[in-house]
Amino acid sequence: MSFPIIWSGNFYHLRHSCSYKLLRFQSGSTPKILPDTRTCNLRFLASKAEGKNQKSQSKKPQNVNVNHNDGSVKSSSSKTINKSELHEFKAVQCYQHISEKRVFDWPAVVIAFDIETTGLSRQKERIIEIALRDLYGGKNSTFQTLVNPEKEVSNSYIHGIRSDMVNRPDVPRFKELVPILLQYIRSRQTDGRQVALFAHNGRGFDVPFLIHEFRRCKVEIPEDWLFVDTLPLARKLVKPDGSKLESSKLDDLRQYYEIPLIGPAHRAMQDVHTLAYVLQKMSYQLKLSIPELLDGGFRASDIIKVAP
DNA sequence: GGCCCTCTTTAGGGCCTT
């Protein structure tokens, strides 16, 4: 099984099944996942020569629902795809039929996730936003919500999430989010497949943060959740001249791979988008199959044993 | 705080995450 081919196929799914969800919580009622209606258009630009060879399907604007999730209403925006991106999309189309045949061979549910927090200390700070994306795609492949930290947000300059956006009764606290999160992950585990949750610097930041939030709710993270940190993968990357990359930051990786920025910067779902594409690029460059990626995975209990 | 790298391993500095 060739991972790069499957991954390219997945690239197709990323573009065609993106659906953001805004989790709204009403005190005393069952939380509901509501679709967001705002959209932005991905418009393809093609030269005349390219346009002649382009199939009609690829010429159609690709609609991507965008949920800024900041409580404000913003007008639709337009994302222009340049020539190199168009070339990549065309390559993806070549693999589409392969992916559709092999997609059920995926050994695991691959989910990219990211959190925004009130700071860096897992003991003192709290999660204020979480976003997940099932890279397989499909209906409800994305999940995103703000989280009420029940404390002041002092680092809004990082992510743009202000206290008044999250410290409100209609934003769920983490303990109210836990059962929904567990159910969402379970809903992605069709046929009892292994779930693998990818995060950049996940071992050092996201997963320990999740562990502490779950602990506060007196809930253990399921043992069948396998986490994979993409930071060690990034540190293995080398340039064509053999030298290492100057930086392994997620945004620097995005720029290195010339991945366009989609959505508001420094928000959880935007970073999930970036991670999804960076992961695709890195796995291709490092020639890593899905099982090889999962070999580097770890459980929440592995971290707890090291740093209780 | 974990991981990586080096002027290292009996250590220390820097990266990466918000």
Side-chain angles (χ1 to χ4, degrees), chain A residues 69-70 111-133 144-167 171 174 177 197-216 221 226-239 242-257 259 261 263-279 281-282 286 293 295-308:
Chain A
N69 205 10
D70 59 1
I111 293 176
F113 81 100
D114 186 58
I115 59 173
E116 301 300 323
T117 70
T118 55
L120 296 175
S121 170
R122 68 194 66 161
Q123 284 86 14
K124 299 177 182 177
E125 309 299 345
R126 307 297 294 269
I127 292 175
I128 52 174
E129 186 178 45
I130 186 167
L132 302 92
R133 182 176 196 158
Q144 175 188 21
T145 184
L146 292 172
V147 183
N148 186 339
E150 297 182 294
K151 66 172 291 183
E152 285 297 307
V153 180
S154 58
N155 61 345
S156 300
Y157 65 95
I158 296 286
H159 37 58
I161 301 173
R162 305 182 310 274
S163 262
D164 64 293
M165 293 165 59
V166 288
N167 283 293
V171 174
F174 200 85
L177 178 62
L197 296 145
F198 285 71
H200 200 62
N201 198 22
R203 181 182 285 273
F205 185 76
D206 301 74
V207 178
F209 241 105
L210 275 182
I211 290 173
H212 275 74
E213 290 283 16
F214 269 75
R215 275 183 176 173
R216 293 188 185 100
I221 291 180
L226 182 70
F227 294 98
V228 180
D229 189 351
T230 54
L231 181 57
L233 301 177
R235 286 175 169 157
K236 292 179 181 175
L237 295 170
V238 292
K239 297 178 183 177
S243 63
K244 289 203 168 186
L245 273 61
E246 290 82 3
S247 167
S248 299
K249 289 182 181 178
L250 184 60
D251 195 57
D252 289 335
L253 293 170
R254 180 189 65 77
Q255 295 181 47
Y256 174 70
Y257 286 124
I259 297 167
L261 187 65
H266 307 300
R267 290 294 294 268
M269 185 53 84
Q270 186 271 322
D271 285 349
V272 166
H273 275 302
T274 299
L275 179 59
Y277 286 94
V278 165
L279 177 57
K281 293 282 192 179
M282 286 197 302
L286 296 171
L293 279 174
D295 281 345
F298 58 94
R299 313 281 175 179
S301 57
D302 297 332
I303 288 185
I304 294 172
K305 290 172 187 172
V306 175

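The structure displayed is predicted, hence computed values, not measured ones. Below, chains carry the letters A, B, ... as their sequence lines are ordered, and counting in each starts from 1.
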Assign each of A:T118 and A:K244 to its nearest nucleotide of DNA chain B by heavy atoms, then name whichever residue's nucleotide is nearer the 5' end. A:K244

Across all chains, not counting sequence neighbours, the salt bridge (charged side-chain N to carboxylate O under 4.0 Å, His left out) partners of A:D295 are none

Distance check needed: [N] [atom2] versus [X] [atom1], whole Å only.
{"X": "A:H159", "N": "B:dT17", "atom1": "NE2", "atom2": "P", "value": "14 Å"}
{"X": "A:L250", "N": "B:dT17", "atom1": "CG", "atom2": "P", "value": "6 Å"}
{"X": "A:E125", "N": "B:dC16", "atom1": "CD", "atom2": "P", "value": "21 Å"}
{"X": "A:H266", "N": "B:dT17", "atom1": "NE2", "atom2": "P", "value": "10 Å"}
{"X": "A:F298", "N": "B:dC3", "atom1": "CZ", "atom2": "C1'", "value": "12 Å"}
{"X": "A:K124", "N": "B:dT18", "atom1": "NZ", "atom2": "C1'", "value": "15 Å"}
{"X": "A:F113", "N": "B:dT18", "atom1": "CZ", "atom2": "C1'", "value": "14 Å"}
{"X": "A:F205", "N": "B:dT17", "atom1": "CZ", "atom2": "C1'", "value": "5 Å"}

Using modelled atom types and a 3.5 Å cut-off, is there a donor and acceptor pairing between side-chain atoms of A:R254 and backbone atoms of A:I259? yes

Counting only side-chain nitrogens and oxygens, does A:S247 get under 4.0 Å of the OP1 or OP2 atom of B:dC15? no

Inter- and intrachain pairs under salt bridge (Lys or Arg N to Asp or Glu O under 4.0 Å), touching residues 229-239 of chain A, at least two apart: A:K239-A:E246

Output yes when [X] and [Y] qualify as a salt bridge under the 4.0 Å nitrogen-oxygen rule, no when they do not.
{"X": "A:R126", "Y": "A:E150", "result": "no"}
{"X": "A:K249", "Y": "A:D251", "result": "no"}
{"X": "A:R299", "Y": "A:D302", "result": "no"}

May I ask you to say what [X] touches in the nucleic acid, namely base, sugar-phosphate or nothing, with a heavy-atom cut-off under 4.0 Å?
{"X": "A:D252", "result": "nothing"}
{"X": "A:I128", "result": "nothing"}
{"X": "A:H200", "result": "sugar-phosphate"}

Roughly how many Å apart are [M] and [N], using the [atom1] atom of each and rounding to a whole number?
{"N": "B:dG13", "M": "B:dT17", "atom1": "P", "result": "22 Å"}
{"N": "B:dC3", "M": "B:dC7", "atom1": "P", "result": "23 Å"}
{"N": "B:dT10", "M": "B:dC15", "atom1": "P", "result": "25 Å"}
{"N": "B:dG14", "M": "B:dT8", "atom1": "C1'", "result": "15 Å"}
{"N": "B:dT18", "M": "B:dT6", "atom1": "P", "result": "26 Å"}

Residues of residues 226-235 of chain A with a heavy atom under 4.0 Å from any atom of DNA chain B, listed by number, are A:L231, A:R235

Is the number of heavy atoms from other residues, nucleotides or ligands within 6.0 Å of NZ (A:K151) greater than 12? yes

Nearest heavy-atom neighbours spanning A:D271 and A:L250: O-CD2, 3.7 Å

Of the listed nucleotides (B:dT18, B:dC16, B:dC3), which one gets closest to any side-chain atom of A:S248? B:dC16

Of the nucleotides B:dT17, B:dG1, B:dT18, which has the atom closest to the A:R122 side chain? B:dG1

